[in-house]
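Read the structure below first, then the notes.
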Amino acid sequence: FGTRFSLTATLQKSAGAPCHDGCQCVSIACSRIFVKTSRWHSTVFGLVMAASQQVLVVMGTSEHASKPTIVEEILRIVNTAFGHQRLTQPEVMQRLAMGNAGSEANRVLHMAFCGEVLVGCMSSTLQPPWTPRDCGHWGMLAVDPSRQGQGFATALVQAGEQRLAEAGCKQVQIEYH
C-alpha cells in the first residue's frame, strides 16, 4: 500500500478553436497541449515537446489489450518504474478494457507514445469511493526509466487532469508510492 495524500487543485478548461483537421481543440495551463474533442478524437491527447518530440497520449481500450506487445510494455514500464511488481497481465488487460466506455468510463489507463514507442502510462478515475464528490484521482504514473526527464509524465498528468476537468471534477487527488 502506498501513501496517499490529497492535493486540491482547481481544474479549468477553456474554449476551443478549430484546428488543422476541423475538430475542436481545448487548451489548458500549458499552451502547447491540445486535446482533440471531436467524436472521432475524444480519447486522443497530444503535447508538442520543446526538443521536437511529439508525445501522443491516448486512452487505452480493449483494442490495445489485444496487442500483446502493448500489454508487455505496460507491464515492463510500470513494474520497472515502481521497482516491484505493481501490475499483473490480467490487471493491465482489465484497466485497458475499462476505456471502452470512452468519456463514460470511471477509471481509465492513459498511455503516452513517442512516435510508435510506448513511453509511459497513468490511470485517472472520475469518482473513486474514497474521495469527496467532484474529486477525481490520478495515479500509477510511470514512465520508462530510460525516457524520464523528457516531459512525458507532464503530458500524462495534463491529459488526465484535462479528462477530469471535462467530466466536472473540481478537485484532484494524486497518488504516490
Side-chain angles (χ1 to χ4, degrees), residues 2 19 21 23 25-26 28 30 32-49 51-126 128 136-167 172 174-177:
C19 71
D21 64 357
C23 68
C25 293
V26 178
I28 59 172
C30 174
R32 294 178 295 160
I33 192 158
F34 60 92
V35 178
K36 305 249 187 205
T37 59
S38 73
R39 184 174 71 171
W40 297 279
H41 301 298
S42 63
T43 61
V44 178
F45 304 84
L47 172 68
V48 178
M49 307 298 287
S52 298
Q53 299 182 86
Q54 183 174 355
V55 60
L56 184 66
V57 177
V58 299
M59 188 183 310
T61 64
S62 58
E63 182 180 333
H64 296 105
S66 70
K67 300 174 183 175
T69 56
I70 294 288
V71 173
E72 290 169 14
E73 274 301 286
I74 291 169
L75 282 170
R76 184 190 65 76
I77 289 169
V78 171
N79 294 338
T80 302
F82 277 83
H84 61 87
Q85 186 175 352
R86 173 75 166 80
L87 283 178
T88 63
Q89 184 179 15
E91 289 172 322
V92 171
M93 307 275 284
Q94 180 186 25
R95 285 176 185 243
L96 289 171
M98 289 178 190
N100 290 348
S103 63
E104 300 299 314
N106 185 44
R107 183 181 196 190
V108 300
L109 185 66
H110 302 274
M111 300 181 302
F113 291 88
C114 184
E116 299 293 318
V117 178
L118 179 69
V119 295
C121 61
M122 180 188 90
S123 66
S124 70
T125 307
L126 300 178
H137 173 269
W138 64 256
M140 202 186 69
L141 175 61
V143 173
D144 186 322
S146 69
R147 305 303 289 264
Q148 291 177 1
Q150 299 176 40
F152 299 119
T154 299
L156 283 160
V157 169
Q158 289 175 329
E161 288 185 350
Q162 180 68 35
R163 174 181 177 263
L164 297 174
E166 288 181 354
V172 63
I174 63 175
E175 171 187 15
Y176 74 95
H177 289 265

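Excluded from the calculations below are hydrogen atoms, water molecules and symmetry mates; all remaining heavy atoms, backbone and side chain alike, are included.
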Would Val58 and His64 count as a side-chain contact (heavy atoms from CB on, under 4.5 Å) here? Give the steps. CA-CA 10 Å; Val58 299; His64 296 105; 4.1 Å; yes
As an exercise, state the distance from NZ of Lys67 to OG of Ser62, rounded to the nearest 0.5 Å. 11.0 Å
Given Glu161, His110, Arg107, the one that forms side-chain hydrogen bond (donor to acceptor under 3.5 Å, both in side chains) with Ser124: His110
Check whether any side-chain N or O of Glu91 sits under 3.5 Å from a backbone N or O of Thr88 as a donor-acceptor pair, and report yes or no. yes
Distance, nearest 0.5 Å, that separates CG of Leu118 from CZ of Phe152: 10.5 Å
What's the verdict on salt bridge (Lys or Arg N to Asp or Glu O under 4.0 Å) for Glu73 and Arg76, showing C-alpha distance, side-chain angles and the deciding distance? CA-CA 5 Å; Glu73 274 301 286; Arg76 184 190 65 76; 2.9 Å; yes
Between Ser123 and Gly139 (side chain of the first, backbone of the second, donor and acceptor by atom type, cut-off under 3.5 Å), is there such a pair? yes
Mind running side-chain contact (heavy atoms from CB on, under 4.5 Å) on Val119 and Gln150 for me, showing each step along the way? CA-CA 10 Å; Val119 295; Gln150 299 176 40; over 6 Å; no
Side-chain H-bond candidate by donor/acceptor type, Glu166 with Gln162, under 3.5 Å: yes
Within a reach of under 6.0 Å around CD of Gln148, are more than 12 heavy atoms found that belong to other residues, nucleotides or ligands? yes
Criterion side-chain contact (heavy atoms from CB on, under 4.5 Å) on Ile74 and Leu109, from CA distance to verdict: CA-CA 10 Å; Ile74 291 169; Leu109 185 66; 4.0 Å; yes
For the atom pair OG1 (Thr80) and CG (Leu75), what is the distance rounded to the nearest 0.5 Å? 9.5 Å
Hey, does the side chain of Asn79 reach the backbone of Leu87 with a donor-acceptor pair shorter than 3.5 angstrom? yes
Find the distance between CE (Met59) and CE (Met111) and round it off to the nearest 0.5 Å. 10.5 Å
